[in-house]
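All ligand and atom numbering here is 1-based and tracks the order in the structure.
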Amino acid sequence: MNFDKSKRLFEEANKVIPGGVNSPVRAFKSVNGTPLFITKGEGAKMIDADGNEFIDYIGSWGPHLFGHNPLFIKNALTEALENGTSFGAPTETEIKMAQLVIELVPSVEMVRMVNSGTEATMSAIRLARGYTGKPKFIKFEGCYHGHADYFLIKAGSGALTLGVPNSPGVTEGNAKDTLVARYNDIDSVYDLFDKNKDEIAAIIVEPIGGNMGVVPAKKEFLQALRKLCDEQNCVLIFDEVMTGFRVAKGGAQEVYGINADLTTFGKIIGGGLPVGAFGGKKEIMETLAPVGPVYQAGTLSGNPLAMAAGVAALTHIKNNPDIYSELEEKASWLENAFKENLNQQNKNFAMNRVGSMSCMFFTETEVTNFDDAVKSDTKLYADYFHGMLKRGIYLAPSQFEAMFISTAHSNEMLEKTANAHYETMKEILG
Ligand SMILES: *Cc1c(COP(=O)(O)O)cnc(C)c1O
């Protein structure tokens, strides 16, 4: 396989775009490579600038539940385009969009549209603070909630419960109201509540972690968070930017049977266009401007093209509830094929999967939190990644990302993937 044109384009891109990319993980840095420039996506396949064809398991990092460019989204976009690209005024499609989200996700009574997952989570935190009148919030190590300053915080060392900035440009002032607990460890949360009495506005959590590889929360853990938030007048925020409409039509909260107070969305909700949303209890949502005092706004929020794509995606989900059992079947087939092969090679790497999102960690021990995940052999993952790539399988260029299956992945493609996996593992494990 030849990547010459992509390599040339990457050199050119590096002169005018920092690192050649508009989002860091695309740069293939953690697998020690250079990114492929993509020219076309269709169904589960992607074609790069050199004309190589791949079976794609990134799906634009989550949005493509039905593969690339499905006809029903393309048609909706073409139709909307006829009438103009943006009005900065309300449209009927926005009502339809809100109604669909509310219908599919039972805990959501009202919803506000934004333009990315980052905007959704930062707005949800502001809203929770405004609603409760309290300054601090808890996040979990290894969970990702976009790149707002007060999320780019990691746990302080040792007994320190205060978070510390994770990136230059984030101030200690930003860090001081972010408390960091351990995922799946409820005692670490109780501890923070003890030390920050009546100061915690919200707990934000990925109910299925998808940004440290895939790490599902334990049900008792989420139940305990729910109970704690009820007792402490604290807003429980499920960040379902990745899991929303991915693991079930009602997201992870449907899988676990636990309702959040606020939920954030992104990725699938936009049908491939830049969309985010946050929604939840009416009483909380109505503290937002212009009804209430908590300010939040967006020039292109609820954009007609984005809403047309989003409505098409959510309508398809609503009308085809069977897609989730179909995805489960496909994903479990592939998981079993991978596991069988690992057995043959006398290896037992940790594998986590919920529906169509999964991750194989290059570590033998179970992965239930960030500390477990980072035990993975990332060098071995890089070898695996390149072995799969040259066999036509496009995986995330990092150990700590999910592998996504779409409804466009055919059984034949899954078999081809399993074979590529066998050959690659034989090659890299010797
Ligand atoms: C992707 C993601 C975000 C950020 O969304 P952007 O659209 O990239 O800003 C936030 N939270 C979770 C759980 C995500 O997976």
Side-chain angles (χ1 to χ4, degrees), residues 21-27 57-65 105 112-128 137-153 166-167 178 180 183 202-217 222 225 236-248 251-253 255-256 260 262-280 296 298 300-303 306 309-310 313 352 354-359 369-370 373 396-398 400-404:
V21 291
N22 281 312
S23 195
V25 73
R26 293 179 201 167
Y57 287 96
I58 303 184
S60 188
W61 302 91
H64 293 325
L65 188 64
V105 189
R112 168 83 40 103
M113 303 309 301
V114 292
N115 307 288
S116 68
T118 293
E119 264 188 78
T121 51
M122 68 173 223
S123 304
I125 290 291
R126 183 184 309 135
L127 178 57
F137 74 92
I138 295 176
K139 74 175 284 276
F140 295 91
E141 194 159 32
C143 285
Y144 178 69
H145 305 293
H147 64 93
D149 286 343
Y150 46 75
F151 289 126
L152 298 183
I153 309 294
N166 214 343
S167 160
T178 303
V180 185
Y183 199 69
I203 298 176
I204 186 167
V205 63
E206 284 183 79
I208 297 161
N211 291 285
M212 46 178 154
V214 174
V215 183
L222 292 181
L225 294 182
L236 181 60
I237 305 170
F238 277 2
D239 182 353
E240 297 227 40
V241 170
M242 186 182 290
T243 53
F245 316 107
R246 163 65 58 187
V247 293
Q253 45 199 290
V255 172
Y256 286 93
L262 290 179
T263 304
T264 55
F265 301 97
K267 302 191 170 124
I268 290 172
I269 200 173
L273 269 76
V275 180
F278 62 106
Q296 189 278 330
L300 288 166
S301 294
N303 172 268
N352 288 341
V354 182
S356 58
M357 54 191 277
S358 66
C359 183
N369 61 32
F370 182 70
S398 160
F400 305 108
E401 301 289 345
M403 177 180 187
F404 294 113

>> One residue to check: E206. Relative to ligand 1, which of side chain, backbone, both or neither has a non-hydrogen atom less than 4.0 Å away?
In response: side chain
> What atoms of ligand 1 come closer than 4.0 angstrom to any heavy atom of S116?
Replying inline: 7 (O), 9 (O)
> Of the protein's non-hydrogen atoms, which lies at the shortest distance from atom 5 (O) of ligand 1, and what is that distance?
Replying inline: G117 CA, 3.2 Å
> Using a heavy-atom cut-off of under 4.0 Å, does the side chain or the backbone of T264 touch ligand 1, or both, or neither?
Replying inline: neither
>> How long is the straight-line distance from OG of S398 back to CZ of R26, given to the nearest 0.5 Å?
In response: 14.5 Å
> Hey, does K267 sit under 4.0 Å from ligand 1 if you only count heavy atoms?
Replying inline: yes
>> To check you understand the geometry: which heavy-atom pair defines the closest contact between V275 and A306, and what is its length?
In response: CG2-CB, 3.4 Å
> Hey, what's the ring geometry for F151 with H145, parallel, tilted or perpendicular (30° and 60° as the breaks)?
Replying inline: tilted
>> Distance alone, cut at 3.5 Å: any donor-acceptor contact between the side chains of T263 and Q253?
In response: yes
> In ligand 1, which numbered atoms sit nearer than 4.0 Å to a non-hydrogen atom of M242?
Replying inline: 15 (O)
> Would atom 15 (O) of ligand 1 count as contacted, meaning some protein heavy atom under 4.0 Å?
Replying inline: yes
>> Need the ligand 1 atom indices (1-based, order shown) with element for anything under 4.0 Å from a heavy-atom of H145.
In response: 10 (C), 11 (N)
> Can you find a pair of side-chain heavy atoms, one from F140 and one from V180, that are under 4.5 Å apart?
Replying inline: no
> Between D239 and T264, do the side chains contain an N or O donor and an N or O acceptor separated by less than 3.5 Å?
Replying inline: yes
> Is any side-chain heavy atom of C143 closer than 4.5 Å to a side-chain heavy atom of Y183?
Replying inline: yes
> How long is the gap from CD1 on I208 to CG on L222, to the nearest 0.5 Å?
Replying inline: 9.0 Å
> What protein heavy atom is closest to atom 3 (C) of ligand 1, reported as residue, atom name and distance in Å?
Replying inline: V241 CG1, 3.7 Å
> Any N/O of Y144 closer than 3.5 Å to an N/O of ligand 1?
Replying inline: yes
> Going by the atom numbers of ligand 1, which of them fall below 4.0 Å from some non-hydrogen atom of D239?
Replying inline: 10 (C), 11 (N), 12 (C), 13 (C)
